[in-house]
Visitor: 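So that we are looking at the same thing, I have put the structure below in C-alpha cells.
Being a predicted model, the structure only gives us computed values, none of them experimental. Basis for what follows: all heavy atoms, side chains included, without hydrogens, waters or symmetry-related copies. Read the numbers this way: they start at 1 and go in the same order the structure lists the ligands and their atoms.
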Amino acid sequence: MTTGSGKHLKLIVTGGAGYIGSVCTARLLEAGHEVVVVDDLSTGHADAVPEGARFLEGDAADATAQLLGEGKAEFDGVLHFAAKSLVGESMQDPGKYWRGNVFTAIRLLDVLREHGVGRLVFSSTAATYGEPEQALIPETAPTRPTNTYGATKLAIDHAITSYAQAHGLAAVSLRYFNVAGAYGSYGERHTTETHLIPIVLQVATGDRARVQIYGDDYPTDDGTAIRDYIHVTDLADAHLLALTHARPGEHRIYNLGNGTGFSVRQVIETCREVTGHAIPAVVAPRRAGDPAILVASSEAAREELGWKPESTDLHGIVADAWRFTQERQQG
Ligand SMILES: NC(=O)c1ccc[n+]([C@@H]2O[C@H](COP(=O)([O-])OP(=O)(O)OC[C@H]3O[C@@H](n4cnc5c(N)ncnc54)[C@H](O)[C@@H]3O)[C@@H](O)[C@H]2O)c1
Ligand SMILES: O=c1ccn([C@@H]2O[C@H](COP(=O)(O)OP(=O)(O)O[C@H]3O[C@H](CO)[C@H](O)[C@H](O)[C@H]3O)[C@@H](O)[C@H]2O)c(=O)[nH]1
C-alpha cells in the first residue's frame with residue numbers, strides 16, 4: 001500500500017469487524033500501522049477482526065471514549081466505518097439511522113475533540129447525491145439523497161465540515177460507489193444481504209434459487225440499472241492516502257469509483273462466466289429509491305491523493321468475491 005508517508009501510525013478503526021473495515025484493517029496492519037478495532041458486532045463478526053489488531057467490543061463513540069480515556073497512548077487518527085447501511089431498512093425505520101449513524105457520529109466527533117485526536121476519515125456514500133444530472137458524478141454535483149441512509153451520511157458530512165472549520169479537525173470523507181470483491185479471508189458476509197454481487201453468487205452456491213432483477217425499464221441500453229463497482233482493496237488503499245493528506249481545519253470530500261458503469265444484466269453475465277453456473281434471473285419491480293445510473297468521477301482522488309485503483313476489471317472483482325464465497329462454504 002502506498003501511504004504517502006513512511007510514518008508508523010496508531011489508528012482506531014470503528015466498524016473493523018465489518019466488510020470494508022476488516023479489509024482496511026488488514027491492509028493497514030500489513031503497511032506496518034497499529035490498529036485498535038471498535039465494533040458493536042451489530043452486523044459484523046468478531047472473527048473478521050484481523051489478527052494483529054486489538055479489538056474492543058462496543059459502540060463506536062462510547063468504546064472510543066473508553067479507549068482514549070485509558071490515556072495509555074496517543075492516537076494519530078480514526079477511520080469511521082461503523083454505520084447502519086441498508087437502504088430499505090432506512091426508509092422503514094429512519095430513527096435507527098438518524099440515531100445509529102448521525103447521533104453516533106456527533107458523539108464520536110466530540111470524543112475526538114475532547115481527547116485531541118486530530119484526524120478523521122469517514123465512510124460517506126454515493127447515496128448522498130441521489131438521482132444524478134451528469135453521467136460521471138463529481139464531488140460538486142448537487143446532493144439530494146433519495147433515501148434516509150444517504151440523508152444521514154450527508155448530515156454527517158455537514159457536521160464534519162463544521163467541526164473541521166471550528167476546531168481544526170483534519171478530515172476526509174470518502175464517497176464510495178459500489179464496493180465489491182474480497183481480500184484473502186476478508187469479504188462480504190452480511191446476515192441480511194442486499195448487494196447484487198453476493199446475492200448473485202449465492203445463486204451459484206445453491207443458497208438461492210434465482211436472482212431478481214429490480215427493474216428492466218430504466219433508460220439504459222438493456223433496461224437495467226447501472227453502477228460503478230470498485231474493488232474493496234483499492235477502496236481500502238484510498239483510506240490511508242486520505243489520512244496522510246488530511247490537513248487541519250479542512251474537510252475534503254472524494255468520490256471513489258472506477259468511472260465505468262455496468263448494468264445489472266452485465267454483472268449477472270459476468271458472474272455466470274466466473275462461476276460457470278447458469279444463474280437463473282427473473283425480472284421484478286424496481287426497488288424504491290434506486291437511481292438509474294450511478295458512476296463516479298474520481299479525478300479529484302486521483303489528482304489530490306495520488307490514488308490509482310489497480311483492480312478495475314469487473315471479471316477480476318467478481319472472481320475474488322467468488323473465491324472468498326467458495327472458501328467460506330468449504331469452511
Ligand atoms: N458496502 C458498500 O458498497 C458501501 C457503499 C458506500 C458506503 N458504505 C459505507 O461503508 C461503511 C462500511 O460498510 P460495510 O459494507 O463494511 O458494512 P458492514 O455492515 O459490513 O460493517 C459495518 C460495521 O460497523 C459495525 N457497527 C455498526 N454500527 C455501529 C456502532 N454504532 N458502533 C460500533 N460498531 C457499529 C457493525 O457491527 C459492522 O461490523 C459503512 O459506513 C457504509 O455506510 C458502504
Ligand atoms: O437482488 C438484487 C440486488 C440488487 N439489484 C440491483 O443491483 C444494483 C446494485 O444494487 P446494490 O444493492 O448492490 O447496491 P446499491 O447501488 O443499491 O447501493 C450501493 O450504493 C449506494 C449508493 O447509491 C449506497 O452507498 C449503498 O451503501 C451501496 O451498497 C441496483 O440497481 C439494484 O436495484 C438487483 O437487481 N437485484
Visitor: Give yes if a backbone or side-chain nitrogen or oxygen of S124 is under 3.5 Å from a nitrogen or oxygen of ligand 1, and no if not.
Guide: no
Visitor: When only distance counts, is E188 in polar contact with ligand 1, meaning an N/O pair under 3.5 Å?
Guide: no
Visitor: When you measure from atom 10 (O) of ligand 1 to each heavy atom in Y19, Y149, Y176, which option holds the nearest one?
Guide: Y176
Visitor: Using a strict cut-off of 4.0 Å, indicate which atoms of ligand 1 neighbour a heavy atom of S85.
Guide: 42 (C), 43 (O)
Visitor: Does anything in residues 215-236 pair up under ring pair (Phe, Tyr, Trp, His ring centres under 6.0 Å), and if so which pairs, sequence neighbours excluded?
Guide: none
Visitor: Under 3.5 Å between some N or O of ligand 2 and some N or O of S85?
Guide: no
Visitor: Restricting to non-hydrogen atoms, name the atom on I230 and the atom on I317 that form the minimum distance, rounded to 0.1 Å.
Guide: C-CD1, 4.2 Å
Visitor: Check whether Y183 forms a cation-pi arrangement with R27 (NZ or CZ under 6.0 Å from the six-membered ring centre, at most 45° off the ring normal).
Guide: yes
Visitor: Is Y186 reachable from V13 through a run of I, L, V, M, F, W or Y residues, each pair having side-chain heavy atoms under 4.5 Å apart?
Guide: yes
Visitor: Can you name the closest pair of heavy atoms from R227 and A292 and give their distance?
Guide: NH1-O, 3.5 Å
Visitor: Does the N or O separation between G18 and ligand 1 drop below 3.5 Å for any pair?
Guide: yes
Visitor: How far is atom 28 (C) of ligand 2 from its nearest protein heavy atom, and which residue and atom is that?
Guide: H195 NE2, 3.8 Å
Visitor: Run the numbers for me: atoms of ligand 1, each under 4.0 Å from some heavy atom of K153, listed by number.
Guide: 40 (C), 41 (O), 42 (C), 43 (O)
Visitor: Is A82 close to ligand 1, meaning an N/O of one under 3.5 Å from an N/O of the other?
Guide: no
Visitor: If you have a sec, work out which protein heavy atom is nearest atom 25 (O) of ligand 2 and how many Å separate them, to one decimal?
Guide: T125 OG1, 2.3 Å
Visitor: Under 3.5 Å between any N/O of V38 and any N/O of ligand 1: does that happen in this structure?
Guide: no
Visitor: Give yes if a backbone or side-chain nitrogen or oxygen of T125 is under 3.5 Å from a nitrogen or oxygen of ligand 1, and no if not.
Guide: no
Visitor: Polar-atom distance check: D40 versus ligand 1, any N or O pair below 3.5 Å?
Guide: yes
Visitor: So is there a nitrogen or oxygen of Y176 less than 3.5 Å from a nitrogen or oxygen in ligand 2?
Guide: no
Visitor: For the 3.5 Å polar cut-off, considering only N or O atoms, please tell me whether F81 and ligand 1 meet it.
Guide: yes
Visitor: For ligand 1, which is the ligand I care about here, please tell me if H45 has any N or O atom under 3.5 Å from one of the ligand's N or O atoms.
Guide: no
